[in-house]
Amino acid sequence: MKEFRFSRLVIALVVLMKYMTKISDAGKNPAYTSRNFPGMVFMQYTEGKDTFFTVVSEADYHRIKKEYWCGTNNYIKTCRAGKTVYLHRELCPNMREGLYAHHEGSKFDNRPQMLEAVTPAAHDQHRTYCGDLVVDAGDGGNLILSVR
């Protein structure tokens with residue numbers, strides 16, 4: 001079976017309201033948890049005029065929540081001391097100079113177990129994504145997944 005890897009995650013407002021809990025002490029980006037996904041935080045960010053979500057670990061969220069994160073070219077970034085800092089590089093275990101942060105799954109999943117520090121050559125072999133994953137709710141309340 002083919003493994004699908006997505007660039008960004010879109011969660012419909014109805015899904016947020018019905019299945020997720022907004023974090024009350026969220027930082028500069030709104031964030032949500034779900035009892036169905038313990039230890040995961042769904043942090044909201046904008047890219048242009050669109051709203052997306054990234055998945056980070058609860059521990060990492062508390063470390064990064066004081067900064068404002070936004071999207072550019074399907075990556076999430078902040079500005080620190082006048083320099084661009086990419087979220088996946090910030091959260092990637094064993095990251096060091098000369099290596100690239102590679103998403104083991106979809107680009108929106110920035111949990112440490114889904115990130116790997118790799119050489120530039122290894123990184124170029126794994127850059128296939130099929131669009132954005134959209135999570136919405138149907139008339140019967142069932143979740144609907146689609147790609148755009």
Side-chain angles (χ1 to χ4, degrees), residues 1-80 83-95 99-118 122-148:
M1 178 165 47
K2 181 178 178 172
E3 178 181 328
F4 292 101
R5 297 175 181 206
F6 302 99
S7 294
R8 299 175 296 196
L9 175 63
V10 178
I11 303 175
L13 182 59
V14 66
V15 174
L16 290 175
M17 292 171 46
K18 186 171 183 173
Y19 297 102
M20 306 185 97
T21 303
K22 190 169 187 175
I23 295 176
S24 61
D25 66 338
K28 298 196 176 191
N29 294 74
Y32 301 82
T33 59
S34 171
R35 67 173 187 235
N36 297 317
F37 302 100
M40 294 171 60
V41 173
F42 296 81
M43 185 178 78
Q44 186 175 318
Y45 69 96
T46 58
E47 184 168 335
K49 295 180 182 180
D50 296 318
T51 300
F52 300 100
F53 290 84
T54 185
V55 178
V56 297
S57 72
E58 196 169 353
D60 282 339
Y61 175 71
H62 290 293
R63 186 164 59 87
I64 65 163
K65 73 179 187 176
K66 293 179 182 170
E67 296 176 283
Y68 175 73
W69 297 89
C70 63
T72 185
N73 296 324
N74 296 337
Y75 286 101
I76 304 161
K77 68 176 185 170
T78 193
C79 185
R80 190 181 295 150
K83 294 187 179 184
T84 298
V85 176
Y86 288 97
L87 183 62
H88 63 298
R89 286 189 60 82
E90 179 78 7
L91 303 180
C92 184
N94 305 313
M95 180 53 72
L99 295 180
Y100 285 24
H102 168 64
H103 289 92
E104 288 291 326
S106 295
K107 277 189 194 178
F108 65 77
D109 193 340
N110 287 291
R111 295 174 295 154
Q113 67 267 33
M114 299 304 293
L115 297 168
E116 179 184 18
V118 298
H123 186 254
D124 286 343
Q125 296 175 1
H126 302 286
R127 300 179 79 182
T128 306
Y129 299 95
C130 61
D132 298 336
L133 177 62
V134 179
V135 182
D136 205 342
D139 294 336
N142 295 327
L143 293 180
I144 299 171
L145 303 179
S146 61
V147 179
R148 70 164 192 201

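Excluded from the calculations below are hydrogen atoms, water molecules and symmetry mates; all remaining heavy atoms, backbone and side chain alike, are included. Keep in mind it's a predicted model, so treat the numbers as computed, not measured. If you read the sequence from its start, that first residue is 1, and numbering goes on from there.
Remark: R111 pairs with D109 by the salt bridge (Lys or Arg N to Asp or Glu O under 4.0 Å) rule, at least two apart or across chains. Under the side-chain contact (heavy atoms from CB on, under 4.5 Å) criterion, E67 pairs with W69, T78, R80, sequence neighbours left out.
Between D132 and F6 the shortest side-chain heavy-atom distance does not fall below 4.5 Å. Within the 4.5 Å cutoff, the side chain of N94 has no heavy atoms near those of the L99 side chain. N110 has its side chain out of reach of M114: every pair of non-hydrogen atoms, C-beta onward, lies at least 4.5 Å apart. Counting heavy atoms from C-beta on, the side chains of C92 and P112 never come closer than 4.5 Å. Counting only heavy atoms from C-beta outward, the side chains of V41 and K65 never approach each other to under 4.5 Å. The side-chain heavy atoms of E58 and T33, taken from C-beta on, include no pair separated by under 4.5 Å. In this structure the side chain of F42 reaches within 4.5 angstrom of the side chain of M40, judged on heavy atoms. Looking at Y100 and H88, their side chains never come closer than 4.5 Å, going by heavy atoms from C-beta outward.
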Original post:
side chain to side chain contact (heavy atoms under 4.5 Å, CB included) between D50 and V10: does it pass, once the steps are laid out?
Top reply: CA-CA 9 Å; D50 296 318; V10 178; over 6 Å; no
Original post:
V147 and V134: side chain to side chain contact (heavy atoms under 4.5 Å, CB included), yes or no, with the steps?
Top reply: CA-CA 6 Å; V147 179; V134 179; over 6 Å; no
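The CD1 atom of I76 sits 9.0 Å away from atom CG of L91, with the distance rounded to the nearest 0.5 Å. Of the inter-residue distances, the one linking K18 atom NZ with L143 atom CG reads 8.5 Å to the nearest 0.5 angstrom. Note that OH of Y32 and CE of M20 are 9.0 Å apart. Values are rounded to the nearest 0.5 Å. In this structure, CE in M95 is found 4.5 Å from CZ in R89, a value given to the nearest 0.5 Å. The CG atom of L9 sits 7.5 Å away from atom CZ of F53, with the distance rounded to the nearest 0.5 Å. Here H62 contributes atom NE2 and D60 contributes atom CG; the two are 10.5 Å apart, rounded to the nearest 0.5 Å.
No more than 12 heavy atoms of other residues, nucleotides or ligands sit less than 6.0 Å from atom CG of N73.
Counting all heavy atoms, side chain and backbone alike, P30 lies closest to K22 at CB-CE, 4.2 Å. Scanning all heavy atoms of the two residues, the minimum distance from Y19 to S34 falls at O-OG, 3.5 Å. Taking every heavy atom of both residues into account, A26 and N29 meet most closely at CB-O, 3.9 Å. Closest approach of I144 and A137 over heavy atoms only: CD1-C, 4.1 Å. C70 and Y45 get closest at one heavy-atom pair: C-CD1, 3.9 Å. For S106 against H103, the heavy-atom pair with the smallest separation is O-CD2, 3.7 Å.
A donor-acceptor distance shorter than 3.5 angstrom exists from the side chain of E47 to the backbone of N74, with no hydrogens or angles considered. For the pair D136 (side chain) and A12 (backbone), a donor-acceptor distance under 3.5 Å is absent. A donor-acceptor pair under 3.5 Å is formed between the side chain of T54 and the backbone N or O of F108.
Ring geometry for Y86 against Y75 counts as perpendicular: the plane angle is over 60°, on a 0 to 90° scale with 30° as the lower cut.
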